[in-house]
Amino acid sequence: MKNKNLYNYILGIADNSLILGQRLGELCGHGPSLETDIACTNMSLDLLGQVRSYYQYAAKIAGDGRTEDDIAMLRKEREYFNVLLVEQPNTDFGYTMARQFLFDVYHFLMLTELEKSTDLNLSAIAKKSIKEVSYHKRFSSDWIKRLGDGTEESHSRIQTAINDLWTYTDELFHQTEADKAIVAEGVGVDVTKLKDAYYEEVNAVLEEATLSVPQSKYFQKGGKQGIHTEHMGYLLADLQYMQRTYPNMEW
Amino acid sequence: MSGDQIKNLEAEFEARIARDEKIEPKDWMPEKYRQTHIRQISQHAHSEIVGMLPEGNWITRAPSLRRKVALLAKVQDEAGHGLYLYSACETLGITRDELYEQLHSGKAKYSSIFNYPTVTWADMGAIGWLVDGAAIINQVPLCNTSFGPYARAMVRVCKEESFHQRQGYEIMLKLCNGTPEQKEMAQDALNRWWWPSLMMLGPTDDMSVHTEQSMKWKLKRKTNDELRQQFIDQTVPQADILGLTIPDPDLKWNEERQSYDFGEINWDEFWQVVKGHGPMNKERMKARVGAWERGEWVRDAAMAHAEKQQERKNKQVV
Amino acid sequence: MSNKKNWPLWEVFVRSKNGLEHRHFGSLHAADAEMALENARDVYTRRNEGVSIWVVESKHITASNPEHNGELFEPAQDKVYRHPTFYDLPDDVKHM
């Protein structure tokens, strides 16, 4: 492949949205209220829409006849580059919202930069996505505040979720070799520069939600190198089920 | 109010409906009208909500991204339709929580078709094509029903549902134009969903208890048997286009009636499922009750937060 | 929990495009106004139906009673002089 770095860079972004969209899709029909159910599905649909644009572009770059679905569903686990955060399970609504919030704040900052990319395709996708993600961030931040400053039980549950997921936040700002090369070309976003703004914003919301900011300095990483948590295999088993069971068919 | 007065009111009420006037929530209505509407609208709402589950079962496993977003959007619509219908029902003086309670305790019914399992991807096609097809036949006449909020909810539902059946049929079409294995999958799904879809249109007219009153109140415009015939007549040619065989050896065109004759429906199976002994009744209820119970702390938290916010606001004013 | 408070009911009004008035679209449940707005957006504008949303808690709406419809609305029925067709004008008068 001629532009392997760009291809991998796009997958890194797209896989985050794919895996998070898949996780949210699991909840459809199982939310705490009808209204919340519909809202979470909207976020899932936004993310999967973004995913399709990215993979279609990636398929064009690969130029080897693979389609968006081949890229989305026919890679091995080690070839998915999403961060560990987005693959974490829907343990309860607190985890779902905490995961969403911790990702949305990053996602919004990243897209704001990606919109300035010299790659017109990526810039256009970012421009469209940013409005969707801006809403996601609002939605998840509001829920963090409701749960944090709600009942004793909800406060404790959302604090636990934030504490548990915190360990996956640092990875958002890591760069792979492909990332570095693409940043140098003016196409990619230098995520290392987003870190301060990220924690500032996250901490402000947590404070408003009467939650404490986890102090742990131990972080997990690996997703960007394709080394995932144990949850990932099961998620992919679902995602890939049809494509693996019935290879080379159209649906 | 004296018995005579009530009789007069009832006569005037029936006359209004006969003149095609709409009844609105605050209007006087006979208690039986209110109760019948609560029952029918909430059953309809419950069916939408429980109906999310069999299709929701395939969201994470949809075979392509295009299919995944279409299915998600469809199942989400069902949540929306449940919501519209619960809202319409609430105008009659009952809360959504009370309606849920009726569903969860088994007191309220929902469409029995959702008590069958979705075992292959082709079931997504069959449900969209057949189940939504039968639902549309049931629902379109309700856009003109006498109770205003129900009629308005149905207008919105019917408008939004127009893509649902096409979504299902397209899945079937793709399977039938695919490999022999795919076509077999489609035929298998048709075999399993055909009869339950016919049952979905309700018991035969001689067995149906509500029909006459429902006709008068425009909760029904055609009898169950008429609807069933309409469904069969419009669906058989669609199966022909797919190249699939309807699993009924007695099905044949009746030149004289200009309609299809069809075989005996297994009503024992129908009543078994209605009474709670279908393959998935228990699972469906477990899923609904589970979601509601797991969501309790979330709903409580949101209320507690809203109250705190309100208190803070009040303090600022003082 | 015995003294359970459920999410109250809200009425949703949507302006489908600028130039049109807000129209009653339906109702939903939400714990607070912010959530009601967000839910209204997610429930009632998923097909691009709106450019502006109002929400109001249902309990704040005061409605007229249909039993008073006679005194409220019937007196307006015979005030035909409020309508242009009440006035006779020769056919040659244009643009009036």
Side-chain angles (χ1 to χ4, degrees), chain A residues 18 21-38 40-42 44-45 48-49 51-52 55-56 67-69 71-73 92-94 97 142-143 145-155 157-158 209 235 237-243 245-246 248-251, chain B residues 45 48-69 71-73 75-80 82-83 86 96 120-121 125 171 174-175 177-179 181-182 185 287-288 290-309:
Chain A
L18 173 70
Q22 175 82 357
R23 276 288 185 229
L24 288 168
E26 293 171 8
L27 291 172
C28 184
H30 305 276
S33 79
L34 273 181
E35 286 83 354
T36 327
D37 205 303
I38 292 170
C40 288
T41 306
N42 268 349
S44 178
L45 284 168
L48 293 171
V51 162
R52 294 190 65 190
Y55 287 154
Q56 281 162 12
T67 65
E68 57 174 83
D69 292 321
I71 296 177
M73 300 179 177
D92 67 12
F93 188 74
M97 281 302 110
D142 282 350
W143 269 106
K145 293 175 206 163
R146 287 191 192 103
L147 298 177
D149 185 30
T151 62
E152 225 172 279
E153 179 182 8
S154 72
H155 180 89
R157 277 180 183 256
I158 191 66
L235 183 148
D238 269 357
L239 179 72
Q240 302 187 337
Y241 170 72
M242 289 297 292
Q243 292 278 348
T245 314
Y246 306 96
N248 303 317
M249 296 184 201
E250 291 200 18
W251 304 94
Chain B
E48 296 282 355
I49 301 311
V50 178
M52 296 172 75
L53 299 169
E55 287 174 290
N57 183 36
W58 280 87
I59 288 171
T60 59
R61 291 179 293 168
S64 70
L65 292 173
R66 181 173 180 274
R67 293 282 174 225
K68 195 190 284 287
V69 292
L71 185 62
L72 254 174
V75 180
Q76 182 195 42
D77 270 352
E78 284 155 13
L83 193 155
Y86 283 126
R96 196 196 288 177
T120 71
W121 170 250
I171 290 174
K174 201 82 183 179
L175 293 173
N177 293 330
T179 64
E181 196 181 8
Q182 282 174 301
M185 193 191 279
R288 283 312 318 158
W292 186 244
E293 286 176 351
R294 279 192 303 277
E296 186 175 2
W297 70 272
V298 178
R299 296 189 304 274
D300 289 348
M303 268 325 279
H305 179 71
E307 279 167 15
K308 284 186 197 174
Q309 292 285 78

Quiz prompt | Part of A:Asn42 lying under 4.5 Å from any heavy atom of chain B | solution = both
Quiz prompt | Polar side chain donor-acceptor pair, B:Gln182 to B:Lys174, under 3.5 angstrom | solution = no
Exercise. Measure distances from B:Glu181 to the heavy atoms of chain A and classify the residue's part below 4.5 Å as side chain, backbone, both or neither.
Key: side chain
Quiz item: chain A heavy atoms under 4.5 Å from B:Thr179: which part of the residue, side chain, backbone, both or neither?
Solution: side chain
Practice problem: With a 4.5 angstrom heavy-atom cut-off, could you sort out which part of A:Leu235 is near chain B: side chain, backbone, both or neither? | Solution: neither
Practice problem: Please state whether the side chain, the backbone, both or neither of B:Ala62 comes within less than 4.5 Å of a heavy atom of chain A. | Solution: backbone
Quiz item: Which bit of B:Arg61 is near chain A, if near means a heavy-atom gap under 4.5 Å: side chain, backbone, both or neither?
Solution: both
Quiz item: Relative to chain B, which segment of A:Gln243 carries a heavy atom at a distance below 4.5 Å: side chain, backbone, both, or neither?
Solution: side chain
Quiz item: Looking at A:Leu24 and A:Ser44, what are the two nearest heavy atoms and their distance?
Solution: CB-CB, 3.7 Å
Self-check item: Heavy-atom closest contact (B:Val75 atom, B:Glu55 atom, distance)
Solution: CG2-CB, 3.8 Å
Quiz item: A:Ile38, A:Asn248, A:Leu48: which one forms the most heavy-atom pairs within less than 4.5 Å of chain B?
Solution: A:Ile38
Practice problem: Count the heavy atoms belonging to other residues, nucleotides or ligands that lie under 6.0 Å from CD of A:Glu250, then report whether that count exceeds 12. | Solution: no
Quiz item: In terms of heavy-atom pairs under 4.5 Å with chain A, which of B:Gln76, B:Met52, B:Arg299 leads?
Solution: B:Gln76
Self-check item: Segment of B:Ile49 engaging chain A (4.5 angstrom heavy-atom cut-off)
Solution: side chain
Self-check item: Smallest separation among heavy atoms of B:Arg96 and A:Leu34, with atom names
Solution: NH1-CB, 3.8 Å
Practice problem: Can you sort out the partners of B:Arg294 under salt bridge (charged side-chain N to carboxylate O under 4.0 Å, His left out), two or more places apart, ordered by chain and number? | Solution: none
Quiz prompt | Side chain, backbone, both or neither of B:Leu65 within contact of chain A (heavy atoms, under 4.5 Å) | solution = both
Quiz item: Heavy-atom distance under 4.5 Å to chain B: side chain of A:Asp37, backbone, both or neither?
Solution: side chain
Practice problem: Identify which part of B:Leu175 has an atom lying under 4.5 Å from any heavy atom of chain A, answering side chain, backbone, both or neither. | Solution: side chain
Practice problem: Would you please indicate yes or no on a ring centroid separation below 6.0 angstrom for B:Trp297 and A:Phe93? | Solution: no
Quiz prompt | A:Arg23 portion near chain B, given a 4.5 angstrom heavy-atom threshold | solution = neither
Quiz item: side-chain hydrogen bond (donor to acceptor under 3.5 Å, both in side chains) with A:Tyr55: which residues, sequence neighbours excluded?
Solution: A:Asp15, A:Arg75
Practice problem: Would you mind telling me which of A:His155, A:Glu68, A:Glu153, A:Glu35 has the largest number of heavy-atom pairs within less than 4.5 Å of chain B? | Solution: A:Glu35
Practice problem: Specify the closest pair of heavy atoms between B:Gly51 and B:Glu78, including all atoms of both residues, with the distance to one decimal. | Solution: O-OE1, 3.4 Å
Quiz prompt | Spatial distance of atom OH (A:Tyr241) from atom CH2 (B:Trp121) [nearest 0.5 Å] | solution = 12.0 Å
